[in-house]
Visitor: 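My questions all concern the structure below.
What you see below is based on every heavy atom in this structure, not just the backbone, and it leaves out hydrogens, waters and symmetry mates. Below, chains carry the letters A, B, ... as their sequence lines are ordered, and counting in each starts from 1. If you're wondering where the values come from, they're calculated on a predicted model, not measured in any experiment.
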Amino acid sequence: MTTYTDAQAEAIATLDEPLQIIACAGSGKTQVISQRIASILARPGVEPRNVVAFTFTEKAAAELKERILGLVETELGDVTGLAEMYVGTMHGYALDLLQRLVPDTFKFSVLTDITNQLFIDRYSAKSGLTSCPTSSAQGALRRYRNSKLYMQILNVLREDTIDATHVPEGVIESFDKYMTLIDDHALFDYTQMINVAVQYLEGDPYEDDDVVRVQEHVERDIQYVVVDEYQDVNPLQERLVRGLVQFGANLCVVGDDDQTIYQWRGSQVANIVTFADRYAGVKQVTLDDNFRSSRGVVEVGRSVAERIPGGQRLPKSMVAAGHQQWGRGDMLALEFDDPAGEAGWIADRIEAMSGLAFADTPGGDPRGLSWSDFAVLFRSVSNDSEPLVKELRERGIPFIVKGLNKLFDSPEIQAVVGIFEFIVNTIDADALKLMWEDAQLLPVGSDWAKALAVLESGRDFGASKRHAVYNIQRLYLDFLEALDMREDNLPGAPVRRELAFYQLGKFSQVISDYEQIYFTTEPKAKYTGFAQWLRFQAPGYYADADADVGYATPDAVTIATVHQSKGLQWPAVFLPALRQNRFPARVMGGVSMRHVIPDAAIQDPGRYRGTVEDETRLFYVAVTRSQKYLFATWAPIQSNQQQRRRSVFWDHVAAQQWVSTVVSPLLSDRLAPQPRHETPQVTLSFSELKYLFECSYQFKLRFLYGFNAPIHEALGYGKGLHDALAEIHKRALEGDILTKDVAESLIGRHLHTPFAYPTLREQLRSAGVKAVERYFDTHGREIAQTEFSEKQIRVHVAPGITVDGRIDLIRRLDTGETAIVDFKSTERAQAEDVTRDQLHVYAVGYKELTGSSADVIEVLNLDDKGKTTREPVHEPLLEAVRDKIHDAGEALRRNDLPRLPVWDDGRCGSCDLVGLCRERLS
DNA sequence: CACGGCAATTTTTTT
DNA sequence: AATTGCCGTG
């Protein structure tokens with residue numbers, strides 16, 4: 001049982017008035033939020049679905065979820081329906097809201113940063129890019145060159161509070177073009193999902209049924225809203241929050257204004273600072289107690305925050321309340337002659353401190369510090385980390401660098417890029433072979449001529465008129481298969497083979513990104529465009545292959561940016577490269593937002609350019625990551641005239657009484673280094689689980705390495721059918737029973753097949769209409785017996801192992817029994833030989849959701865001659881299935897994911913990736 | 001104080 | 001790519 005401070009207890013107990021929790025660094029805010037939510041769930045009449053909690057990242061959401069589930073289990077025992085409590089990002093929430101309640105958006109898919117840029121460039125005129133005026137000498141924005149900037153403009157216009165009278169007309173016209181274009185293509189970019197959700201929340205109910213449905217749901221179901229990291233909420237997100245609490249739901253915001261570090265993405269400190277003025281009757285609770293760090297670290301952190309002018313801060317005063325002891329010499333501010341010397345000292349210090357006694361918890365047994373207890377935080381990893389990386393590598397100290405886009409630097413990826421240079425004739429076959437030899441990518445005994453033949457036929461663009469024949473992903477997979485590319489065929493040790501495969505898999509993702517946008521382009525243009533993109537754009541986007549391998553956290557020194565360190569902590573933190581013009585960073589030149597959107601149109605335009613206060617907040621975050629040891633260092637770069645002076649931040653740290661400027665010997669006891677044990681969270685979607693049960697090696701290829709199946713022209717058919725049926729059943733729940741005559745319009749609304757050529761599209765459309773009509777014929781009578789449609793389920797199998805999924809349909813049979821129904825259609829069915837085990841996962845989920853058991857499970861095939869199977873839920877199997885999921889989760893953590901021992905016709909035969917696994921046997 | 005040379009960051013968000 | 005602002009020099 002955790003004990004709470006008075007302030008914490010007060011925050012936890014405040015449930016009926018608007019609450020603002022001002023949480024200093026290390027004040028145990030996640031625990032407080034979790035406990036507060038557990039208290040909410042304990043209230044009579046409150047259902048989990050009444051609670052919505054927002055986090056900034058998915059990772060933070062997973063942690064919070066796990067913490068809440070743990071508390072609920074110990075304090076309340078079995079609570080049903082926990083799957084319906086939303087804990088996640090605002091983006092995820094907005095998308096989910098729309099795709100549950102607004103039928104017109106069911107077919108929309110989401111553009112990532114990368115695909116969004118590809119999309120804008122592909123449609124450079126229609127997207128408004130090349131007609132968007134600037135005040136710079138270059139005139140309008142240019143294709144490829146300015147598309148990133150254009151994306152930022154498009155975001156700001158939606159996310160920020162804009163005074164449209166000051167925005168040039170041409171900019172507005174471009175913006176309108178883009179909005180029409182993404183809508184025509186049924187696409188959401190990240191901002192758009194929130195933007196559209198906000199429109200429904202703020203919309204006039206008299207205008208449209210969907211607005212009514214959304215607002216009624218909010219009014220009826222949402223009673224408690226919690227927003228974590230509130231300081232980083234932008235104006236559009238603030239409107240989403242307002243929309244959710246507009247009917248009287250309780251709002252609790254948690255944040256620290258001093259940690260506002262994403263202002264260049266639209267967050268505005270004023271939002272958190274003036275919260276109490278904007279909502280009536282706000283209760284403010286300040287969590288001043290820092291349990292994370294020693295007194296010295298806390299005092300230095302507080303002094304940094306106090307550099308921020310008062311008007312921009314909420315009053316607070318962080319105090320040390322934890323068990324870490326400050327000692328003279330724990331905190332140092334040092335100067336070096338050059339970056340190499342600085343890096344050398346850091347490496348020395350890490351080696352010297354390894355094994356130092358350190359206690360994680362008050363009164364807990366001390367352990368020896370290990371590599372993963374050290375973090376080196378840079379303002380700019382890409383500019384400043386090189387000397388340190390070199391030093392650590394030479395000494396054999398394990399480390400992971402976050403935030404570097406280095407995938408394309410590796411010889412392996414260069415060799416793969418070579419394939420496409422060969423296809424478009426910029427290199428010849430011999431040069432290509434050389435690249436593959438140099439990269440050590442030729443499997444033992446492979447037949448190069450056979451592989452080359454695949455490429456030769458691939459670049460014969462006259463061979464077929466059907467564009468889909470020139471599928472880049474298929475060509476890539478065929479080439480690898482022709483080479484007999486198997487993990488165990490590659491030269492080198494197992495670790496290097498795994499890394500090589502990881503890189504090949506990442507490249508498959510690169511292809512997918514490009515092909516999602518350019519699938520239907522004329523083959524020759526498509527391949528030349530791809531080769532160009534690989535040269536000029538893609539290298540800036542993709543992180544090194546080993547950046548995020550698997551689930552196991554390695555025992556390694558962390559090298560990261562301050563931004564990435566947010567929310568994390570380490571016993572020892574190094575803050576190097578504290579030079580003027582670096583940290584605080586100087587503003588950037590070039591064509592920037594101000595050339596497109598005048599300052600007058602935006603409130604507080606300075607935040608997009610970066611201010612000293614913003615940098616100070618970032619430095620505050622950096623300092624407060626440390627639990628005990630903190631080393632601020634700097635060294636001039638002689639060759640760069642702007643990087644020869646000390647940072648004011650270094651001066652600030654050096655002037656603190658807690659900090660020494662001369663190194664003294666390390667006094668603490670020595671123990672054997674022992675990394676802090678952390679169990680990685682495993683969250684599996686139902687489809688991931690399906691692959692994991694089916695063949696764990698296929699799971700590895702797909703989800704860990706990243707291999708993607710080739711895009712199929714009919715993609716979207718199964719989803720469209722599915723969505724049409726979902727609408728039928730959702731309407732039935734509202735008492736609106738549809739009939740056969742709407743089949744045509746349902747398919748019209750839901751079927752979206754962006755990769756199909758016109759004839760195929762028409763075929764799919766009529767097939768879809770027939771399938772829906774057939775459904776009305778055979779199941780029309782049962783539509784009224786719908787219990788749930790598209791029901792979210794969550795199975796918490798063991799601490800840290802969760803399965804998320806969605807049941808298509810739950811309905812009552814004439815016999816009075818409850819049936820769980822899973823829809824299948826050709827397109828979805830191909831690899832989907834759903835087994836009893838998998839279906840029983842649904843049954844387990846249903847039980848966790850409602851507390852009662854389903855009676856039968858039905859697989860309903862929507863195809864012409866497809867047959868429906870129905871079988872009883874086998875109670876004893878439910879427990880066995882839980883065990884099986886548990887074992888699968890453990891195997892994942894151990895990275896124990898072998899292929900099937902022998903060829904299995906049912907499974908291997910339909911696997912898109914067998915070519916990377918074993919000889920085909922058919 | 002004016003001028004020319006030089007070098008210019010951070011990155012989250014979906015199935 | 002180019003515009004912006006820092007730094008050193010005159």
Visitor: Strictly by modelled atom types, are A/Thr260 and A/Asp257 linked by a side-chain donor-acceptor pair under 3.5 Å?
Guide: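 No, no side-chain donor-acceptor contact under 3.5 Å.
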
Visitor: Answer yes or no for A/Arg702 and A/Tyr691: cation-pi contact, defined as NZ/CZ to six-membered ring centre under 6.0 Å and angle to ring axis within 45°.
Guide: yes

Visitor: Within the structure, does a side-chain N or O atom of A/Arg609 lie under 4.0 Å from either OP1 or OP2 of C/dG5?
Guide: yes

Visitor: Is the distance from OP1 or OP2 of C/dA2 to the nearest side-chain N or O of A/His595 less than 4.0 Å?
Guide: no

Visitor: Identify which nucleotide among B/dC6, B/dT9, C/dG8 has an atom closest to any side-chain atom of A/Arg645, counting heavy atoms from C-beta outward.
Guide: C/dG8

Visitor: Considering just the side-chain nitrogens and oxygens of A/Gln643, establish if one lies under 4.0 Å of OP1 or OP2 belonging to C/dC6.
Guide: no

Visitor: Does A/Arg265 make a cation-pi contact with A/Tyr262 (under 6.0 Å, within 45 degrees of the axis)?
Guide: yes

Visitor: Given the P atoms of C/dT4 and B/dT12, what is the spacing between them in whole Å?
Guide: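 Looking at atom P only, C/dT4 and B/dT12 are 29 Å apart.
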
Visitor: Salt-bridge test for A/Asp189 and A/Arg158: reply yes if a basic N is under 4.0 Å from a carboxylate O, no otherwise.
Guide: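 So A/Asp189 pairs with A/Arg158 through a salt bridge.
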
Visitor: Please measure how far the P atom in C/dC7 lies from the corresponding atom in B/dT9, and state the result in whole Å.
Guide: 15 Å

Visitor: Can you give one letter per nucleotide of nucleotides 10-15 of chain B, going 5' to 3': B for a protein heavy atom under 4.0 Å from the base, S for sugar-phosphate only, - for none?
Guide: BBBBB-

Visitor: Ignoring backbone atoms, test whether A/Asn581 places a side-chain nitrogen or oxygen under 4.0 Å from the OP1 or OP2 oxygen of B/dC6.
Guide: no

